[in-house]
Amino acid sequence: MKAVLFEHFREPPSIRNVPDPTPSTDGVVIKVEATGLCRSDWHGWMGHDADIVLPHVPGHELAGTVQAIGRQVTQWRVGDRVTVPFVGGCGHCHECNSGNHQVCEQQFQPGFTAWGSFAEYVAVDYADTNLVRLPDSLDFVTAASLGCRFVTSFRAIVDQAKVLPGEWVAVHGCGGVGLSAIMIATAMGANVIAIDITEEKLAFARELGAVATVNGAQQDVVAAVREITKGGAHVSLDALGHPSTCFNSIANLRRRGRHVQVGLMLGEHATPQIPMDKVIAHELHIIGSHGMQAFRYKALMDMLETGKLAPQKLIGKRISLEEAPVALMQMDRFDGLGISVIDRF
Ligand SMILES: [Zn+2]
Ligand SMILES: [Zn+2]
């Protein structure tokens, strides 16, 4: 099969012919029909992820059809249209048994713990626990675009922050995670403030439902959010993953407010400064959010079918596998609106 492969971190990946994958006993092989490009892939290529063993094929936001099945798999058949969360739980550890597959101790992550979906085929372990059936109405490109940023934002807003109608939600960073969070929080009835440093992204955020915007390149973000909300946001997300957005997201909360860290903090950003004095005095909540369990896709799919959420609005460029190596190396530049998806292989 064709795949995007790199043999060394920070050196250009290339298109290569590699052996077709075979399923593990509890896994499947999926024919990839669409796969999203994500900043996490860039982090992986940079060498920021300890799970990656070289040579490596990236890609974790995939949708496709089941092509081959391991002998222990009971729930899936060849030809089923599926997607998977980017964190696959083993299905039998303490965390999985408590319903928290997203923090499984033996998690399977395509494109990190194994070769990923920037390829014609990808092998996925723990299939019965993690595959998600696609409704006929959901196309592969939209399904792939849910894979990481959209479901992560869904869990952050709905399950972790437990956003209530009428609350103020500040979203720091209007990339894929941030725009998804703006759409989801708006659908939950919250009043969303979008924060970014480019006017183009802020304008897009308003189209998706943000009722106010703050340009961090021109304004004091914390003062502006406090002014708009008359005292601070109830919920705030660092959707970018940077020490300054993390700090602002905590500092712009009202008393008892909830900060959710969604953007990855890796490399030299892993230990940011936070205003711990405010965390104590104002009883702030600091919450992490990491992917979403496969069984929670049902709630997300229900909101798609009612039309409350329209993730297809977040799809930016559609590219071919041949274009993926260059696109991957540029994922840290934050240019372009929405999520890029590979849909030709
Ligand atoms: Zn587990
Ligand atoms: Zn991703």
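For ligands, and for the atoms within them, numbers begin at 1 and follow the listed sequence. Keep in mind it's a predicted model, so treat the numbers as computed, not measured.
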Trainee: Please check if any side-chain donor atom of Asp125 sits under 3.5 Å from a side-chain acceptor atom of Ser24, or the reverse.
Mentor: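 Per modelled atom types, Asp125 and Ser24 side chains form a pair under 3.5 Å.
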Trainee: Looking at CG of Leu300 and CE of Met303, how far apart are the two atoms once the value is rounded to the nearest 0.5 Å?
Mentor: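 If we round to the nearest 0.5 Å, Leu300:CG and Met303:CE are 8.0 Å apart.
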Trainee: Nearest 0.5 angstrom please: Gln312 CD to Ser145 OG, how far?
Mentor: 8.0 Å
Trainee: Under 2.8 Å from the Zn ion (ligand 2), which protein atoms of type N, O or S occur, listed by chain and number?
Mentor: Cys38 SG, His60 NE2, Glu61 OE2, Cys148 SG
Trainee: Assess whether side-chain contact (heavy atoms from CB on, under 4.5 Å) is satisfied between Leu131 and Val124, documenting all intermediate values.
Mentor: CA-CA 9 Å; Leu131 262 55; Val124 173; 4.2 Å; yes
Trainee: What's the shortest heavy-atom distance between Glu199 and Arg206, and which atoms?
Mentor: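 Scanning both residues completely, I find the closest heavy atoms to be OE1-NH2, 4.4 Å.
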Trainee: Run through Thr113, Thr35, Asp41 and flag the one making a side chain to side chain donor-acceptor pair (under 3.5 Å) with His60.
Mentor: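 Exactly one pass, corresponding to Asp41.
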Trainee: Any chance the side chains of Asn248 and Thr245 put a donor and an acceptor closer than 3.5 Å?
Mentor: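 Not at all, the side chains of Asn248 and Thr245 share no donor-acceptor pair under 3.5 Å.
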Trainee: Work out how many protein N, O or S atoms lie closer to the Zn ion (ligand 1) than 2.8 Å.
Mentor: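 Every protein N, O or S atom under 2.8 Å from the Zn ion (ligand 1) counted, the figure is 4.
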Trainee: Would you say the side-chain atoms of Thr229 and Arg254 include a donor-acceptor pair closer than 3.5 Å?
Mentor: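 Absent: no donor and acceptor within the cut-off.
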Trainee: If we ignore angles and hydrogens, is there a donor and acceptor under 3.5 Å between the side chains of His172 and Asn252?
Mentor: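 There is such a pair (donor and acceptor under 3.5 Å, judged by atom type) between the side chains of His172 and Asn252.
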